[in-house]
There are 2 protein chains.
Amino acid sequence: MKDRPSRATGRPTLAQVAARAGVSQITASRALRSIATVDPQLATRVHDAAKALAYVPNPAARTLASARSHSILVLVPALSNHLFIETLEAIQDVLRPRGFEVLIGNYHYRQDEEEELIRNYLSHQPCGILLTGFNRSETAARLLANAGVPCVYMMELRQEEGIVCVGFSQEAAGAKVAEHLLSRGRRKLAFVGAQLDARVLQRRDGYQQAIARAGLPPAFEIMTPEPSSVELGGDLFNRLLKEHPNTDGIFFCNDDLAFGASFEALRKGVAIPEQISVVGFNDLPGAGQMVPRLTSVRTPRATIGQHAASSLLSLLCGETPEVTALDLGFKLMVRESS
Amino acid sequence: MKDRPSRATGRPTLAQVAARAGVSQITASRALRSIATVDPQLATRVHDAAKALAYVPNPAARTLASARSHSILVLVPALSNHLFIETLEAIQDVLRPRGFEVLIGNYHYRQDEEEELIRNYLSHQPCGILLTGFNRSETAARLLANAGVPCVYMMELRQEEGIVCVGFSQEAAGAKVAEHLLSRGRRKLAFVGAQLDARVLQRRDGYQQAIARAGLPPAFEIMTPEPSSVELGGDLFNRLLKEHPNTDGIFFCNDDLAFGASFEALRKGVAIPEQISVVGFNDLPGAGQMVPRLTSVRTPRATIGQHAASSLLSLLCGETPEVTALDLGFKLMVRESS
DNA sequence: CGACTTTGAGATAGCGCTACCTTATTAATC
DNA sequence: GATTAATAAGGTAGCGCTATCTCAAAGTCG
């Protein structure tokens, strides 16, 4: 048994820790991984030795030997949206302290890119994957299934055997917005959506259904696949005013669009909320400072990240959560704009 | 020589590729890594075999054997700031197609957290590191130096032997803002800064120096270490108006603060730019849509990421760039607010 | 109380690659 | 034409860990 520092990094190896603790290498390995079958007294000796040598395990060696890394892949459709940043941060706050490394994959709302990322990152043998929603290519889904890596889905809910997900009902949120606008006496409603991912469409559906339930004609829809931006919000608002000048309530699929619309309204002298009520989505920082302060749906994005990460940890321990579809709800923040 | 699929992933191994190509494993390895000493004809055979088997190298094995991974660590002070997201995206656009994996470390503007991230990620033996600015703990700097990993510094410039950096002069940008406000006839200037990192202070210095050069008294400063936010911008603006009601020009250290101030001004009826000129920094998306449209300094954050990544790649090839401090400049976007 | 299980520790053998050394082949030099 | 130098391929031996098997010691039961 050799016990010398690592060739490359010059850092101590497990063999050195074992030698110092006076145990075999494999016992040291087990002790450091907190595997039950090691005597507590020996385990303490090993931990002391590791601390004294400032031992840090070599992740590559660990991954090669065990065929599973300690990294967790998180796939999000965008980083430019503050929404996912907060989710990511919450995930990291849970996983990093427990010794997991978080790999971030941004697929820019593109299925082919997501597929490519999955293909690439699977070669790193992640021990778990966090995914956004359920809408992905057949191939991507098959890759995930074949890999046999535990997955947790975020943002959307689905009651299905073997699927663990954390989110809220996008439909219910859309419905809530419709009910709010109706309660304000608005009757000529519109929906403005961009970057039409599954969740935007679900919100739209919930919104329209609530309007239908109230016995009103469907909301006019302006939808574009372009990426959302403040600027686009202004453009779509102008288009809406031109096509349907008597609109009195608008649900924007996200706050960025609503911000842009608000600026245009200020500029054109369109009175919000007197002439038109405006509601956004996500309650991004800044929504409460807008002029007028923007009504928006606060989504539990940080909490979703936190619970998704925790659920994944449970799965890694072999536990099966009793609640497989965790609904964290949402909150309509009513402000001046409606 | 065994040539069977990987135990864990079931995926083909290098041995299989070699067998199929009728060469030794090491030759296959060299061919796939494009090492010159292999016959072009053999190399083609190897590449064909790899393609036929859909071979993907095992990064853990590669890292363990070569004591160097194919991952590049990028350390940024925040993800919540759109600025760094754009830089990150540009970095990934350069590095991912070349087979490098990008590891993102967010240290939340905290030196101790940066140090911890460096310590942690060095165990993954990254082949290069991209850092933000030069301001870090002694320990962090020593860790980096000892690791012997090529580094490129972003956002700030420093002419120093052996340091490769890509950015722009924060001082010059600050000075440019001062000159612009002075050219608009503003004489009672202020500087409002939050999240006081080195770059904010450099902008402030440049701003004050330009004011001094014009023979005017220094700008009044409101500075707070709190994280920047739209809301904070409004608060600091109100504080400034109370303490120095005759201020006629404000340089906000970033756009978020300027946004918040603009909203407060609208709400209070403070006329921008008639009563006070306002200038932001970074020219975030939305600055051009604000009411009034915000004058801001457009920073080359995407280009910085792109060039920093390219420079790092050069260093990895053993090349030494002739320009070690690449100044990408900036552009003052003059709009309605000034 | 002897056969059986349980438990904790160690020895061994890789994981899938690449560094390094060695050998075979060809080119270059006097 | 013998010696040296350059070049290209292969053999071998790990990288630093963990899975798996083995074995001794201690507990359990009818």
Under 3.5 Å donor-acceptor, A:Ser29 side chain and A:Gln25 backbone:
no
Ignoring hydrogens and angles, tell me if any N or O in the side chain of B:Thr27 forms a donor-acceptor pair with the backbone of B:Val23 under 3.5 Å.
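Answer holds: no.
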Salt-bridge present (A:Arg119, A:Glu115; N to O < 4.0 Å):
yes
Earlier contact from the 5' end, DNA chain D, for B:Ala65 and A:Ala65
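That would be B:Ala65.
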Could you go through A:Glu101 and B:Tyr121, starting from their C-alpha distance and side-chain angles, then the distance that decides it, and tell me whether this counts as side-chain contact (heavy atoms from CB on, under 4.5 Å)?
CA-CA 9 Å; A:Glu101 180 198 6; B:Tyr121 277 112; 3.7 Å; yes
Mapping B:Leu64 and B:Ile26 to their closest nucleotides on DNA chain C, which lands nearer the 5' end?
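So the residue in question is B:Leu64.
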Value in whole Å for how far the [atom2] atom of [N] lies from [atom1] of [X]:
X	N	atom1	atom2	answer
A:Gln16	D:dC17	CD	P	9 Å
A:Gln25	D:dC21	CD	C1'	17 Å
A:Asn58	C:dC17	CG	P	17 Å
B:Leu42	D:dA8	CG	P	11 Å
A:Ile35	D:dT20	CD1	P	12 Å
A:Tyr55	D:dC17	OH	C1'	7 Å
B:Asp39	D:dA6	CG	P	20 Å

Ignoring backbone atoms, establish whether A:Ser29 has a side-chain N or O less than 4.0 Å from OP1 or OP2 of D:dT18.
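So the side chain of A:Ser29 is within the cut-off, an N or O lying under 4.0 Å from OP1 or OP2 of D:dT18.
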Using OP1 and OP2 only, check whether a side-chain N or O of A:Ser24 sits under 4.0 Å from C:dG10.
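So the side chain of A:Ser24 is within the cut-off, an N or O lying under 4.0 Å from OP1 or OP2 of C:dG10.
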Could you tell me whether the side chain of B:Met155 reaches within less than 4.5 Å of the side chain of B:Phe84, counting heavy atoms only?
yes
From C-beta outward on A:Arg62, which listed nucleotide comes closest to its side chain: C:dT18, C:dG16, D:dT18?
D:dT18
Of all the nucleotides listed (C:dA11, C:dG16, D:dA9), which has the minimum atom distance to the side chain of B:Thr27?
D:dA9
What's A:Arg33 touching, base or sugar-phosphate or nothing? Going by heavy atoms closer than 4.0 Å.
sugar-phosphate
What about B:Arg30, does its side chain sit under 3.5 Å from the base of D:dG10 through a donor-acceptor pair?
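Answer yes: a donor N or O sits under 3.5 Å from an acceptor.
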